[in-house]
Each structure stands twice: as C-alpha cells, then as structure tokens.
Amino acid sequence: MPREFSTLLVERRPDRVQVQLNRPDVRNAIDQAMVDELHLLCSELERGPRILILCGAAGVFASGADIAQLRERRRDDALTGINSELFERIARLPMPVIAAIDGWALGGGAELAYAADFRIASETARLGNPETSLGIIPAAGALWRLAELVGEPVAKEIILAGRILTAEEALAVRLVTEVHPAERLLAAAHSLADRIAAQDPLATQLAKEVFHVPRARHPRADNEAQAVLFESEEKFARMTAFLERKKR
C-alpha cells in the first residue's frame with residue numbers, strides 16, 4: 001500500500017500523480033517534514049515513472065521555506081543543500097512535472113515551481129523571490145534557473161530588487177505558459193497531463209533526459225537515445241498506425 005503523508009495529499013492514477021502541498025495554516029511553507037516526504041515521493045516516481053502535478057492547498061502554491069526553521073539553520077545546513085537537492089531531484093524525474101500555481105509562490109515555493117517542466121497559473125498567482133529582504137539568497141535554483149527561464153534582466157529584478165510578478169506578468173515573460181481562473185486550474189493541469197500521456201512514455205522520458213544534457217554532449221546523446229527508440233516495439237506500432245490512418 002502507498003504510504004500516507006502528513007504534509008502532502010497524494011492522488012495516484014496509472015499515468016500521473018497529483019501532489020498537493022498541504023500545510024494551509026502556514027500557507028504551505030516548505031518545512032523539513034515536507035522535504036522528507038517529497039523525497040519519498042520522488043523515490044516512488046523514479047521507480048515507476050509517471051507525470052507529476054504539483055499544487056497547493058487553500059489557494060496558495062507555497063509561500064516559501066518555513067521561516068521558523070530557516071532562521072535556525074546555520075552554515076552546515078546551507079552546505080547540505082536541503083531544498084536545492086530536493087528541487088534538483090524533482091527537476092530530473094523521468095517524466096514531466098507540472099506546477100499548477102494558485103496564489104502565492106514565493107521564495108522556496110517559487111524555486112520549486114521553477115524546477116518543474118511546465119508552469120501554469122491561476123489569475124491570482126504571484127511569483128517572486130524575496131530572500132534578500134530576509135538576509136539570505138535564493139539558493140535552491142532561482143539564481144540560475146530563473147535567468148534561463150526569463151532572461152537576466154527580469155531575473156535580476158525579481159532577485160535583486162524584490163519584484164513580485166502577477167500571473168499576467170509571468171505569462172508575458174513566459175515564466176508560465178497558461179493562465180486560468182482558479183477553479184479551472186487543476187482541470188487545465190490534467191488536460192496538459194493528458195496531452196503528455198498521449199505520447200510514447202519512453203520517447204518522452206528520453207526526450208526530457210537529452211533536452212537537459214550539456215551542449216557538448218549533443219548530438220551524440222541525441223543519436224544514442226534515438227538508437228534505443230528505433231528498436232522499440234512502440235515506435236513500430238505507432239508508425240504503423242499512423243501509416244494505416246493515412247491510407248484511409
């Protein structure tokens with residue numbers, strides 16, 4: 001039986017897992033218990049790859065790391081990369097990750113969203129990294145992922161000047177790719193998951209893996225992945241079905 005979690009609400013389907021961050025009394029702040037439980041969830045998805053949908057309870061994605069715990073962390077805690085290791089693991093899950101962002105996604109909550117392959121938002125979404133106002137830096141991915149996603153000028157506004165993006169602003173800079181009314185956000189996330197699930201799972205996994213390899217490994221990595229797929233039964237079945245449809 002799948003284990004139950006104290007900080008997550010998990011809905012499992014054959015091709016996807018929906019995970020709701022569930023600490024509504026602290027606006028879904030990411031504490032050590034949630035980090036530990038998300039690692040367990042990652043282990044499950046590494047063993048049995050499925051699409052992951054991340055969302056938050058009570059109209060908030062995640063307000064950031066738990067400040068009460070963060071205040072007590074010291075040098076050695078920083079060097080262990082508590083959040084950065086988790087978010088990197090989420091980013092490298094075999095199948096795509098969708099962040100469905102409703103309300104606040106700040107600090108570590110925003111960095112969790114940046115680690116996803118897809119970000120869609122509700123009309124009330126707000127994204128930003130206010131860490132420097134608290135005497136720290138966003139060290140769980142924003143300092144490099146955000147520039148890759150939106151470019152250096154916007155990333156510096158967010159990180160160095162405390163700019164919080166509205167949903168429409170995030171859409172304009174392509175930090176999110178869709179904006180929906182809050183009541184339709186999860187349906188939109190599942191619609192996106194349906195489109196992903198319609199693809200060949202192995203091809204999707206290899207495409208994601210090769211997409212993220214360093215430039216120096218291309219085109220060899222592409223050719224090696226394609227060599228695997230050229231021998232797969234699914235490739236022959238899908239291409240045969242395509243040709244049969246074309247004849248009709």
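Reckoned from all heavy atoms, side chains included, excluding hydrogens, waters and symmetry mates. Fair warning: this is a prediction, and the values are worked out from it, not measured in the lab.
No continuous path of ILVMFWY side-chain contacts below 4.5 Å connects I53 to L38, so the two sit in separate hydrophobic clusters. Follow the hydrophobic side-chain contacts under 4.5 Å out from L171 and you reach V150 in the same cluster. Both M34 and L93 are members of a single hydrophobic cluster when ILVMFWY side chains are connected at heavy-atom separations under 4.5 Å. Residues V173 and L127 share a single hydrophobic cluster, defined by chaining ILVMFWY side chains whose heavy atoms lie under 4.5 Å apart. Under the 4.5 Å side-chain heavy-atom criterion for grouping Ile, Leu, Val, Met, Phe, Trp and Tyr, I159 is connected to V176 within one hydrophobic cluster.
One N or O on the side chain of E37 and one on the backbone of S6 form a donor-acceptor pair closer than 3.5 Å. In terms of modelled atom types and a separation under 3.5 Å, the side chain of R16 and the main chain of H190 share a donor-acceptor contact. S63 places a side-chain N or O within 3.5 Å of a backbone atom of R27 that can act as its donor or acceptor partner. No side-chain donor-acceptor contact under 3.5 Å links N83 to the backbone of A140. In this structure a side-chain-to-backbone donor-acceptor pair under 3.5 Å is present from D77 to R74. In terms of modelled atom types and a separation under 3.5 Å, the side chain of S133 and the main chain of P130 share a donor-acceptor contact.
In this structure, I30 and F87 have side chains that are in contact, with non-hydrogen atoms separated by less than 4.5 Å. Within the 4.5 Å cutoff, side-chain heavy atoms of R89 are placed close to those of E46. With contacts defined as side-chain heavy-atom distances shorter than 4.5 Å, the pair K208/P94 does not qualify. The side-chain heavy atoms of Q18 and C55, taken from C-beta on, include a pair separated by under 4.5 Å. Here the side chains of N28 and F61 are not in contact, with every heavy-atom distance at 4.5 Å or above. By the 4.5 Å heavy-atom criterion applied to side chains, V154 and L146 are not counted as neighbours. Residues I67 and V26 are not in side-chain contact: their nearest non-hydrogen atoms beyond the backbone lie 4.5 Å or more apart. A 4.5 Å side-chain heavy-atom check between N22 and P24 finds at least one atom pair inside the cut-off.
Here the closest heavy-atom approach between residue A125 and residue I101 is recorded as CB-O, 3.6 Å. Across F230 and F236, no two heavy atoms sit closer than the pair O-CE1, 3.5 Å. Minimum interatomic distance between L175 and R119 (heavy atoms only, all atoms of both residues): O-NE, 2.7 Å. Between A100 and L185 the shortest heavy-atom distance is C-CD2, 3.8 Å. Looking at every heavy atom in both residues, L70 comes nearest to A65 through CD2-CB, 4.2 Å. Taking both residues in full, the closest heavy atoms of V179 and A167 are given as CG2-O, 3.8 Å, listed atom of the first, atom of the second, then distance.
Salt bridge R184/E178: absent, no basic N to carboxylate O contact under 4.0 Å. A salt bridge is defined here as a Lys NZ or Arg NE, NH1 or NH2 lying under 4.0 Å from an Asp or Glu carboxylate O, and E44 with R12 meets this definition. Between R126 and D102 there is no salt bridge, since no side-chain N of the basic residue sits under 4.0 Å from a carboxylate O of the acidic one. A salt bridge between E169 and R163 is present, with a side-chain N of the basic residue lying under 4.0 Å from a carboxylate O of the acidic one. Of the charged side-chain nitrogens involved, at least one lies within less than 4.0 Å of a carboxylate oxygen, so that E11 and R13 count as a salt-bridged pair.
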Next on the checklist: Is there a side chain to side chain donor-acceptor pair (under 3.5 Å) between Q226 and D222? Walk through the geometry before answering.
Outcome noted: CA-CA 6 Å; Q226 194 75 299; D222 310 60; over 6 Å; no
Checklist entry - Stepwise, does the side-chain contact (heavy atoms from CB on, under 4.5 Å) test hold for D66 with R23? => result CA-CA 10 Å; D66 189 299; R23 300 185 71 218; 3.1 Å; yes
Checklist entry - Can you list the steps and then say if V210 with H218 is a side-chain contact (heavy atoms from CB on, under 4.5 Å)? => result CA-CA 8 Å; V210 175; H218 296 286; 3.6 Å; yes
Checklist entry - For T7 and L21, what are the C-alpha separation, side-chain angles and deciding distance, and is it a side-chain contact (heavy atoms from CB on, under 4.5 Å)? => result CA-CA 6 Å; T7 69; L21 310 181; over 6 Å; no
Next on the checklist: salt bridge (charged side-chain N to carboxylate O under 4.0 Å, His left out) for K247 and E244? Distances and angles first, verdict last.
Outcome noted: CA-CA 5 Å; K247 289 178 183 177; E244 291 297 323; 3.6 Å; yes
Checklist entry - N129 and E111: side-chain contact (heavy atoms from CB on, under 4.5 Å), yes or no, with the steps? => result CA-CA 8 Å; N129 289 93; E111 290 179 300; 3.7 Å; yes
Item to check | Verdict with reasoning, H212 to R92, per side chain to side chain donor-acceptor pair (under 3.5 Å) | outcome: CA-CA 9 Å; H212 290 289; R92 295 194 176 279; 6.0 Å; no
Next on the checklist: Applying salt bridge (charged side-chain N to carboxylate O under 4.0 Å, His left out) to D200 and K235, what does each step give before you reach the verdict?
Outcome noted: CA-CA 8 Å; D200 171 29; K235 171 246 188 177; over 6 Å; no
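Distance check, rounded to the nearest 0.5 Å: CG of L52 to CD1 of I90 gives 7.0 Å. One distance of note links OG of S122 with NE2 of H180; it measures 10.0 Å at 0.5 Å rounding. Put simply, OG1 on T124 and CH2 on W104 are 9.5 Å apart, with the number rounded to the nearest 0.5 Å. Atoms CD1 and OG, on I120 and S191 in that order, are 8.5 Å from each other to the nearest 0.5 Å. For the atom pair CD1 (I82) and CG (L86), the distance works out to 10.5 Å, reported to the nearest 0.5 Å. Note that the CD1 atom of I51 and the CD1 atom of I98 stand 6.0 Å from one another [nearest 0.5 Å].
Under the 3.5 Å distance criterion, with hydrogens and angles disregarded, no donor-acceptor pair is assigned to the side chains of H39 and E85.
Counting heavy-atom neighbours within 6.0 Å of R217 CZ, excluding the residue itself, gives a total of 12 or less. No more than 12 heavy atoms of other residues, nucleotides or ligands lie within 6.0 Å of CD in E231, so this atom counts as exposed by the packing criterion. In the displayed structure, R238 atom CZ is contacted under 6.0 Å by more than 12 heavy atoms of other residues, nucleotides or ligands.
A side-chain contact (heavy atoms from CB on, under 4.5 Å) with I136 is found for exactly one of R73, R71, E131, namely E131.
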